[in-house]
K.L.:
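I have a structure I would like to understand better, so I am pasting it below and will then ask my questions one at a time.
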Amino acid sequence: MRRFYIKPEDFTDNSALLDAEQSKHLKNVLRLAEGAKVRVFNGTGNEFLCEISSIRKNGALLKILEEVFPSAPESRLNLTLAAALLKVDKFELVIQKAVELGVTKLIPITTKRTDVKAKNIEQKLGRWQKIVIESSKQCGRATLMKIAVPVGFEEFAVSVKGSRILFAEKGGDKFTSINPDKKITAVIGPEGGWDVSEIEIARVNEFQIVTLNGRILRAETASISIISIIQNHFGDLN
């Protein structure tokens, strides 16, 4: 059954209004007509079985039949991924897979060795949000992953709270040293790796430094792999 995202403000007690862009896709690509059943979610954890009442130029009106369980439950782990900005296609891949793997929030960070500059932020945030929505439709999540405004590593390091784990190429503890917690922030560096001064900043701010043994991974592969490993050990991928 097809799933669509509708903003919370576009719901009433017994109906929901699908925006024009998705309605066009619903009618012209999916060939769905009035009377067809679809699922919709509001991005805050609620999902509904609906029936298409009418399809208009400005949107499709859906009749809410009942609230249903989301296709995929949220992980019991509140996992934040803080990842260094990468080139467009690589960072968008990280966003997509972070949604699929149940990340709660993604914080883009800039570091001393980050090649990509944090510019055109509003445009990027809009594009990233679309990726989050499309990935959520595909993977069954009813809660949208949050994406923060990009921030410099030093500012990030002094502001983040809770269990903070920075993954470094060498010199860190083993993964098995991580203590289980309901809320974890995993920090992944850029393609060029961490600068020594950034590792020191992390230590001063009481981050746990962890090093995974094995192969040298690309930055985007590291993000995806580490999320998967953390969810396997402390979340719902087990």
Side-chain angles (χ1 to χ4, degrees), residues 1-12 14-19 21-33 35-53 55 59-81 83 89 91-107 125-148 182-186 220-221 223-238:
M1 186 173 292
R2 300 292 181 174
R3 298 179 77 240
F4 298 91
Y5 166 66
I6 297 181
K7 297 177 182 178
E9 58 265 32
D10 290 331
F11 281 83
T12 64
N14 55 13
S15 66
L17 182 64
L18 194 65
D19 63 43
E21 182 179 351
Q22 292 188 92
S23 297
K24 184 178 179 180
H25 182 75
L26 175 148
K27 179 181 178 181
N28 299 334
V29 179
L30 302 178
R31 303 294 183 182
L32 295 176
K37 303 285 195 307
V38 296
R39 281 185 175 229
V40 300
F41 63 99
N42 63 2
T44 61
N46 302 108
E47 186 157 336
F48 304 89
L49 176 65
C50 297
E51 180 181 284
I52 301 173
S53 296
I55 303 175
L61 185 64
L62 310 179
K63 178 183 178 182
I64 297 175
L65 301 178
E66 61 177 329
E67 185 169 0
V68 296
F69 288 108
S71 303
E74 288 298 304
S75 173
R76 61 178 176 269
L77 173 66
N78 186 328
L79 176 58
T80 294
L81 172 67
D89 56 337
F91 198 73
E92 290 184 355
L93 176 66
V94 170
I95 295 171
Q96 181 189 76
K97 300 310 175 186
V99 172
E100 293 178 21
L101 292 167
V103 170
T104 305
K105 182 178 182 180
L106 189 150
I107 305 175
L125 286 172
R127 168 65 181 167
W128 294 342
Q129 188 65 17
K130 286 185 178 180
I131 294 171
V132 170
I133 292 171
E134 290 304 316
S135 298
S136 299
K137 288 181 186 178
Q138 180 274 322
C139 74
R141 290 182 68 178
T143 301
L144 295 180
M145 182 184 76
K146 298 176 182 178
I147 298 188
K182 293 181 179 180
K183 185 174 182 179
I184 294 175
T185 298
E220 66 273 23
T221 308
S223 288
I224 297 167
S225 300
I226 287 168
I227 295 168
S228 302
I229 294 169
I230 290 175
Q231 287 284 29
N232 175 256
H233 281 74
F234 310 120
D236 60 350
L237 289 181
N238 48 42

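The figures that follow rest on heavy atoms only: side chains count, while hydrogens, waters and symmetry mates do not.
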K.L.:
With Ser15, which residues qualify under side-chain hydrogen bond (donor to acceptor under 3.5 Å, both in side chains), at least two apart?
P.N.:
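So Ser15 forms a side-chain hydrogen bond (donor to acceptor under 3.5 Å, both in side chains) with Thr12.
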K.L.:
Go through the structure and list residues passing salt bridge (Lys or Arg N to Asp or Glu O under 4.0 Å) with Arg127, not counting sequence neighbours.
P.N.:
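Testing Arg127 for salt bridge (Lys or Arg N to Asp or Glu O under 4.0 Å), a comparison that skips the adjacent residues, returns Glu92.
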K.L.:
Using a strict cut-off of less than 4.0 Å between a Lys/Arg side-chain nitrogen and an Asp/Glu carboxylate oxygen, indicate whether Lys24 and Glu21 qualify as a salt bridge.
P.N.:
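Here Lys24 does not pair with Glu21 in a salt bridge, since their nearest N and O are not under 4.0 Å apart.
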K.L.:
Can you list the residues that meet the salt bridge (Lys or Arg N to Asp or Glu O under 4.0 Å) rule with Lys146, with sequence neighbours excluded?
P.N.:
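In terms of salt bridge (Lys or Arg N to Asp or Glu O under 4.0 Å), with neighbours along the sequence ignored, Lys146 is linked to no residue.
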K.L.:
Any side chain to side chain donor-acceptor pair (under 3.5 Å) involving residues 128-140? Give me the pairs, sequence neighbours left out, ordered by first then second residue.
P.N.:
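Residue pairs passing side chain to side chain donor-acceptor pair (under 3.5 Å), neighbours aside: Gln22-Lys137, Glu134-Lys137.
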K.L.:
I need the minimum non-hydrogen distance between Ile55 and Leu32, along with the two atoms involved.
P.N.:
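Distance-wise, the nearest heavy atoms are CD1-O, 3.6 Å.
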K.L.:
Once side chain to side chain contact (heavy atoms under 4.5 Å, CB included) is applied, do any residues pair with Asp89, and if so which ones, sequence neighbours excluded?
P.N.:
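Scan of Asp89 (side chain to side chain contact (heavy atoms under 4.5 Å, CB included), adjacent residues dropped) gives Lys87.
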K.L.:
Name all residues meeting the ring-ring contact (aromatic ring centres under 6.0 Å, His included) criterion together with Phe11; count only those two or more places apart in sequence or in a different chain, and write none if there are none.
P.N.:
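With sequence neighbours excluded, Phe11 shows a ring-ring contact (aromatic ring centres under 6.0 Å, His included) to Phe48, given in chain and number order.
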K.L.:
Using the test side-chain hydrogen bond (donor to acceptor under 3.5 Å, both in side chains), find all partners of Ser75 that sit at least two apart in sequence or belong to another chain.
P.N.:
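Only Gln231 meet the side-chain hydrogen bond (donor to acceptor under 3.5 Å, both in side chains) criterion with Ser75.
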K.L.:
Do you know the tightest heavy-atom contact between Val103 and Leu79?
P.N.:
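For Val103 and Leu79, the tightest heavy-atom pair comes out as CG1-O, 3.3 Å.
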K.L.:
Let me confirm one number: the CG-SG distance from Leu101 to Cys139, rounded to the nearest 0.5 Å.
P.N.:
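So the gap between those two atoms works out to 9.0 Å.
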K.L.:
Tell me every residue that passes salt bridge (Lys or Arg N to Asp or Glu O under 4.0 Å) with Glu220, counting only those two or more places apart in sequence or in another chain.
P.N.:
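Scan of Glu220 (salt bridge (Lys or Arg N to Asp or Glu O under 4.0 Å), adjacent residues dropped) gives none.
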K.L.:
Please list, one pair per line, the donor and acceptor atoms closer than 3.5 Å that link side chains of residues 59-73 to other protein atoms, with sequence neighbours excluded.
P.N.:
unit_1: Glu67; atom_1: OE2; unit_2: Asn46; atom_2: ND2; d: 2.8
unit_1: Ser71; atom_1: OG; unit_2: Glu47; atom_2: OE2; d: 3.4

K.L.:
In chain order, what residues pass the ring-ring contact (aromatic ring centres under 6.0 Å, His included) check against His25, with sequence neighbours excluded?
P.N.:
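Checked His25 against ring-ring contact (aromatic ring centres under 6.0 Å, His included); zero matches.
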